[in-house]
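Following: one structure in structure tokens, then a few remarks.
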Amino acid sequence: SIKNIMESNNHDKINFLKLDIEGAEIQVLNQMLDDEIDPKYICVELDLLSKRKDKNNLTKHLIERMINNHDYTIIFNDNNFNITLMKKIR
């Protein structure tokens, strides 16, 4: 998990996270949010959408969770399944 990688490298925050992990992005990002890890920027390829394998709308639910519950906003969307989100400053 991201938390384990951070702990093994003695990191306590992430400024920029880029993910291209071939369909595992939903699980990894949900776990990251559960672990209360909030990178300032997240750039992710939405592989389930790009391959039309997201029949349960997991990507949509994740993005909604990030925006509604974790104060992220989409700052870039290339309409080709790549988005960048930024954590709002409180």
### Query
Among all residues two or more places apart in sequence or in another chain, which pass the salt bridge (charged side-chain N to carboxylate O under 4.0 Å, His left out) test with Asp54?
none
### Message
Walk me through whether Ile63 and Lys60 qualify under side-chain contact (heavy atoms from CB on, under 4.5 Å).
### Response
CA-CA 5 Å; Ile63 300 304; Lys60 178 184 177 206; over 6 Å; no
### Task
Could you give me the CA-CA distance, side-chain angles and deciding distance for Leu62 and Leu33, then say whether side-chain contact (heavy atoms from CB on, under 4.5 Å) is met?
CA-CA 10 Å; Leu62 170 65; Leu33 296 174; 4.0 Å; yes
### Working for side-chain contact (heavy atoms from CB on, under 4.5 Å), residues Asp38 and Tyr72
CA-CA 9 Å; Asp38 296 312; Tyr72 280 94; 3.7 Å; yes
### Message
I need the Thr84 OG1 to Ile74 CD1 distance, nearest 0.5 Å.
### Response
9.5 Å
### Summary
Output for pair (Lys88 NZ, His70 NE2), nearest 0.5 Å, gives 13.0 Å
### Task
Quick one: do Ile14 and Met32 satisfy side-chain contact (heavy atoms from CB on, under 4.5 Å)? Show the steps, please.
CA-CA 11 Å; Ile14 299 174; Met32 179 193 76; 5.6 Å; no
### Task
Answer yes or no: is there an ion pair linking Asp34 with Arg65, defined by an N-O contact shorter than 4.0 Å?
yes
### Message
Donor-acceptor check, side chain of Asp35 to backbone of Ile37, threshold 3.5 angstrom: yes or no?
### Response
no
### Sole residue of Leu17, Thr59, Ile26, Ile83 in side chain to side chain contact (heavy atoms under 4.5 Å, CB included) with Val44
Ile83
### Query
Roughly how far apart are Ile75 CD1 and Ile42 CD1, rounded to 0.5 Å?
10.5 Å
### Message
Working to the nearest 0.5 angstrom, can you tell me the gap between Asn82 CG and Asn80 CG?
### Response
7.0 Å
### Query
CG of Leu29 to CD1 of Ile21: how many Å apart, nearest 0.5 Å?
6.5 Å
### Task
Flag yes if more than 12 heavy atoms outside Gln27 fall under 6.0 Å of its CD atom; otherwise flag no.
no
### Query
At what distance, to the nearest 0.5 angstrom, does CG of Asp12 lie from CD of Glu7?
11.0 Å
### Query
Under 4.5 Å between side-chain heavy atoms, hopping through other hydrophobics if needed: is there a path connecting Leu85 to Leu19?
yes
### Query
Under a 4.5 Å side-chain heavy-atom rule over Ile, Leu, Val, Met, Phe, Trp and Tyr, are Leu46 and Tyr41 clustered together?
no
### Query
salt bridge (charged side-chain N to carboxylate O under 4.0 Å, His left out): which pairs involve residues 14-25, sequence neighbours left out?
Glu22-Lys51
